[in-house]
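The model shown is predicted, which means the values in this text are computed figures rather than measured ones.
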Amino acid sequence: MPSKLIPAVAETVKSLRKSSGLTQEELAAAAELDRTYISGIERGVRNVSLSSIEKLSNALSMTLPETEIRVQSVLNGYTQCFNHAGNIY
């Protein structure tokens, strides 16, 4: 059975990036990652390291636990219940 984690991370990163008003290039620069790596993450074709998730979290002004909560909410099917600040709406 394929893992649901990679698509959940992909959806979370893309959603957070867009809600922050950032392009892939801007997020990549802020996270000190390559733009093609960001693209691969958002398409669900990259297995993201914890180190990269931490860099992305920092670039999106979030803590690692906040990012984890967002990924978990996607895994649980709650994709529309958090705004960028992590507040339920």
Side-chain angles (χ1 to χ4, degrees):
M1 176 179 226
S3 171
K4 295 180 181 179
L5 184 57
I6 291 173
V9 170
E11 184 176 330
T12 301
V13 170
K14 187 173 187 175
S15 172
L16 290 171
R17 176 183 62 78
K18 286 187 170 192
S19 70
S20 295
L22 297 172
T23 65
Q24 288 181 346
E25 292 84 2
E26 291 167 334
L27 178 57
E32 298 180 351
L33 298 168
D34 191 87
R35 190 216 42 92
T36 60
Y37 187 67
I38 301 297
S39 175
I41 293 169
E42 290 187 0
R43 289 183 289 118
V45 298
R46 298 299 299 244
N47 191 0
V48 188
S49 70
L50 188 55
S51 174
S52 292
I53 292 174
E54 181 179 36
K55 287 180 178 184
L56 289 166
S57 296
N58 291 336
L60 292 164
S61 301
M62 297 182 74
T63 66
L64 193 54
E66 289 170 332
T67 304
E68 179 185 358
I69 289 168
R70 292 295 300 266
V71 170
Q72 191 63 48
S73 73
V74 172
L75 284 169
N76 291 329
Y78 303 112
T79 58
Q80 301 299 317
C81 63
F82 291 98
N83 63 18
H84 177 66
N87 300 318
I88 296 175
Y89 63 91

By side-chain hydrogen bond (donor to acceptor under 3.5 Å, both in side chains), which residues pair with [X], not counting sequence neighbours?
{"X": "Asp34", "value": "Thr36"}
{"X": "Ser51", "value": "none"}
{"X": "Ser52", "value": "Tyr37, Ser49"}
{"X": "Glu68", "value": "none"}

[atom1]-[atom2] distance between [X] and [Y], expressed to the nearest 0.5 angstrom:
{"X": "Leu33", "Y": "Lys55", "atom1": "CG", "atom2": "NZ", "answer": "5.0 Å"}
{"X": "Lys4", "Y": "Glu11", "atom1": "NZ", "atom2": "CD", "answer": "13.0 Å"}
{"X": "Ile69", "Y": "Asn76", "atom1": "CD1", "atom2": "CG", "answer": "12.0 Å"}
{"X": "Asn58", "Y": "Thr67", "atom1": "CG", "atom2": "OG1", "answer": "8.5 Å"}

Next on the checklist: Between Ser15 and Thr12 (side chain of the first, backbone of the second, donor and acceptor by atom type, cut-off under 3.5 Å), is there such a pair?
Outcome noted: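 Checking the backbone N and O of Thr12 against the side chain of Ser15, no donor-acceptor pair under 3.5 Å is found.
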
Checklist entry - Should Val13 and Leu56 count as side-chain neighbours, where that means a heavy-atom distance under 4.5 Å? => result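 Yes; the side chains approach each other to less than 4.5 Å.
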
Next on the checklist: Does anything in residues 36-54 form a salt bridge (charged side-chain N to carboxylate O under 4.0 Å, His left out)? List the pairs, not counting sequence neighbours.
Outcome noted: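 Sorted result for residues 36-54: Arg17-Glu42.
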
Item to check | Where at least one partner belongs to residues 18-28, residue pairs that pass salt bridge (charged side-chain N to carboxylate O under 4.0 Å, His left out), sequence neighbours excluded | outcome: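 Sorted result for residues 18-28: Glu25-Arg35.
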
Item to check | side-chain contact (heavy atoms from CB on, under 4.5 Å) partners for Ala59, two or more places apart | outcome: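 Only Leu27, Ala30, Ala31 meet the side-chain contact (heavy atoms from CB on, under 4.5 Å) criterion with Ala59.
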
Checklist entry - With sequence neighbours excluded, what pairs up with Leu5 under the side-chain contact (heavy atoms from CB on, under 4.5 Å) test? => result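 Checked Leu5 against side-chain contact (heavy atoms from CB on, under 4.5 Å); matches are Ser3, Val9, Val71, Leu75.
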
Item to check | Heavy-atom pair of closest approach, residues Ala10 and Ile41 | outcome: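 So the minimum-distance heavy-atom pair works out to CB-O, 3.0 Å.
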
Checklist entry - Would Ile38 end up clustered with Leu50 when hydrophobic side chains under 4.5 Å apart are linked, directly or stepwise? => result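 Yes; Leu50 is reachable from Ile38 via cluster members.
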
